[in-house]
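Written below as structure tokens is the structure these notes are about.
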Amino acid sequence: MVTIENVSKYYGELKAVDSLNLEIREGEIFGFIGPNGAGKTTTLRMIATLLRPTSGQIRIAGINPETHPADVRRIIGYMPDHFGVYPDLVVWEYLDFFGSAYEIPPEKRTGLIDDVLQLTDLTIKKYELVESLSRGMKQRLCLAKTLLHDPALLLLDEPASGLDPRARIEIRELLKELKKMKKTILISSHILSELSDFCTSIGIIERGKLVISGDLTEIEARINLTRSYRIRSLDPLETIEAFLQSVGIEQIHRNGDSIQFDCNKTEEEIASLLQGLVRQNFRITAFQPVQANLEDLFMKITKGEVA
Amino acid sequence: MKNFFQNPLVIKQLREEMRSRKIFFLVPVYIAILSTIALVSVANSSSAGFNPVTLSSSSKITLFVFVIAVSILLGLIALILGAASFTTEKERATYELLELTPMSYVQLVLGKFFHSFILITLILFSSLPVFSILFFMGGLGYLDLILPILYLMLFFAVVILGAICISIGSNKTIIGIILSLLVGFVTYVSLAILGTGAYNNPEGLGFAVLSPWLVAWRQIFQPVPLRILSFSVPVWIVYCALYILLAILLISWGHNALDTRKLQRNARARIVGLILVNLYIAVGTLCLNAYRPITIKQIEDFYQILMGVLITTLPFFVVGVFTDQDEQNFLHNPLKQTFHPRNLFLNHPATGPFYLIALLTSISLTLALCTPVTVRTTMSGVFVLLLWIFPWLFLFLSLRLSGIQGRGIFVSYILGILLVVLVSTFYHSGKAANTIFDFFLITPVLIFLYIASLAAFILTSVRASRRLRRTT
């Protein structure tokens, strides 16, 4: 769907994106992660035909956005991180304007507006002024506008930034809904937990360079992340702690009524560790790996060089 | 064509505008002012007692006063509406969303244009009942009313488009409005001077065909056709044709400048501009020459007006958005980038001066072709003009080099006006120069200007290159 070959972008002397190579397949949800100022927005804007790369090539569904921006604009839906709304319009008028700008025939437009309003849970606000919407609702309205012309590729630049936790969860639910609709989505964020539960693959960018990219589990395996495990037991936790120390595990910490430890052991070693615990007659109620999250991944990969 | 009539932007703009409070204040205030003028005029004419002859002539005068009042009042509203058109989108961060829709740049410019034009037309038509007072006084035909209104509407159309172009070039609404008011002021004054000149010398209409007041005056008081190359052409046809040409020129510039991605490729706008300006000058001089052969003195007058126009419009030759690469090239070697012939017809802000030379040279050739004046005379006029304009260009380049962009236009504009004032003061003092060709005789001023501007240029370019070296 999106092919980026050796793309660089300079702002004056500043190298915002440095020989970026990326491939996003159809139906993929690609999480684009990086600290602020790493080049995420610049890359998204280049894909969205708003910026021209200084060098390199971009292809979107085989089309070159540099030479055929109008064709690309029809198949993409771009939601910028900082966007404005028309406060004096009513919600449906706002969508109607963009609908007609995207050349959706009037007879189809009404139905479509109702559909996207329902999807973004804004139906009750249909006849209210955009001005009266909360920030989260405006964000959803912008997303509704982005979905209106049924784009094959969605480019979402920090869709949840500046939102309260509730609005953030609502956006996340909405994105999961879109995932079910089999859309190709490129979503950027610096808040990692936001992406971990629905991205199929991720790319981490730092100082304009792609540090790592690919399938989420693949990346985890590739960088050999220390795994964490949690144990719960009916027996006193001190005894278990003592046992774990005796088999050479050092990083142990209490976590409420459970024990958590980090180790580099293989699956087999972990299995024999559990066997050992059971043999010692500990009454284990839970023994589970703690999902390595993107936050750990991110901290491990990036060096925090960008402010 | 379908897109042309179904511009979603117009509907959106009108929906927004009709909800804002300003429109409800604007119309009554405007009608109140116009009614006051009507009342004063009626009171004046009836104070002498009822006399059909004086009444009918005073109805003509009242109509002319209306034309002036409407052109100024609605002209101001048109300027402000146009100047805020794209800057508000940029300030609200909605322009990107607009740009990403499949609407073309021409559609965007036309959408903004029609919105303002429809509003202005609505306000104008809402005041027509006030005009009806003229018919009570008698002495006016329907055409006398309809044609001046047509003139005014065409005038407003170009005013709106001009303000939209300024809006495209600025990033802040307030800067856009101040700039348009300044440009509007200069345009109004130049048109008034042109109109009065032609009024005093009824035989030579020439360039004054651009003044809506003069053509309205001619329509109301002396409806005689214009003679172009021994053909009689109604004044309104020439006026309409010129204004439509201007409108096309502005739309062409505006839609090119909107697309920040393809700045490098736009030779078309500049070539069209060059052709249109020359065409206008050819028509104007041929018109004038048909009445009486043009003299060197008139060419000198023309160059004086041209100088004023250039100084006030020059920011548009240099305004624009640098692409990042352009900016870098410009900072590395400002002089080479500015005067490189390769950039002659590119819509590249730094190439303004070179384009200006091309423009002036072609104008002087057209003038020499259409009038009995020799090429040598017209070229020497260009030389003197450039001599005076170059210091200002260097000042502008220095402003760009010191990193001032949006404000740079504003500052250079003020500097330009100062320069005009300075030059005209010397010119009219009668001590040093009698004609524009003697301008370079005012050497002390010129030398001072060159030293000051070149010093500013060298200083800023050294500082810019130092800054570049430090960051790379």
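Numbers restart at 1 for each chain; the letters A, B, ... are given by sequence-line order, proteins then strands.
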Point to revise | Atom pair CD/NE2 of B/Glu96 and A/His82 - distance to nearest 0.5 Å | key: 9.0 Å
Exercise for review: Between chain B and each of A/Leu129, A/Leu89, A/Ile76, A/Asp71, count heavy-atom pairs under 4.5 Å; write down the option with the most.
Suggested key: A/Leu89
Check your understanding: What is the minimum heavy-atom distance between A/Ser100 and B/Pro8, and which atoms define it?
Key -> OG-CB, 3.0 Å
Study note, to complete from the structure: dist A/Phe83:CZ -> B/Leu97:CG (nearest 0.5 Å) comes out at 8.0 Å
Review point. If you measure from CZ on A/Phe97 to CD1 on B/Ile11, what distance do you get to the nearest 0.5 Å?
Key: 9.5 Å
Exercise for review: Report the distance from atom CD of B/Glu89 to atom OH of A/Tyr86, rounding to the nearest 0.5 Å.
Suggested key: 3.5 Å
**Study point:** Crowding at CD, A/Glu128 (>12 non-hydrogen neighbours, <6.0 Å)
**Key:** yes
Exercise for review: Without swapping roles, check the side chain of A/Arg73 against the backbone of B/Glu99 for a donor-acceptor pair under 3.5 Å.
Suggested key: yes
**Study point:** A/Ala70, part contacting chain B, at a heavy-atom distance under 4.5 Å
**Key:** neither
Review point. Which value, rounded to the nearest 0.5 Å, describes the distance between A/Thr146 atom OG1 and B/Leu100 atom CG?
Key: 9.5 Å
**Study point:** Proximity breakdown for A/Val72 and chain B, heavy-atom pairs closer than 4.5 Å
**Key:** neither
Practice item. Select one option (side chain, backbone, both, neither) describing which atoms of A/Asp96 are under 4.5 Å from chain B's heavy atoms. Key: side chain
Review point. Under 4.0 Å between a Lys/Arg side-chain N and an Asp/Glu carboxylate O for B/Arg19 and A/Glu93?
Key: yes
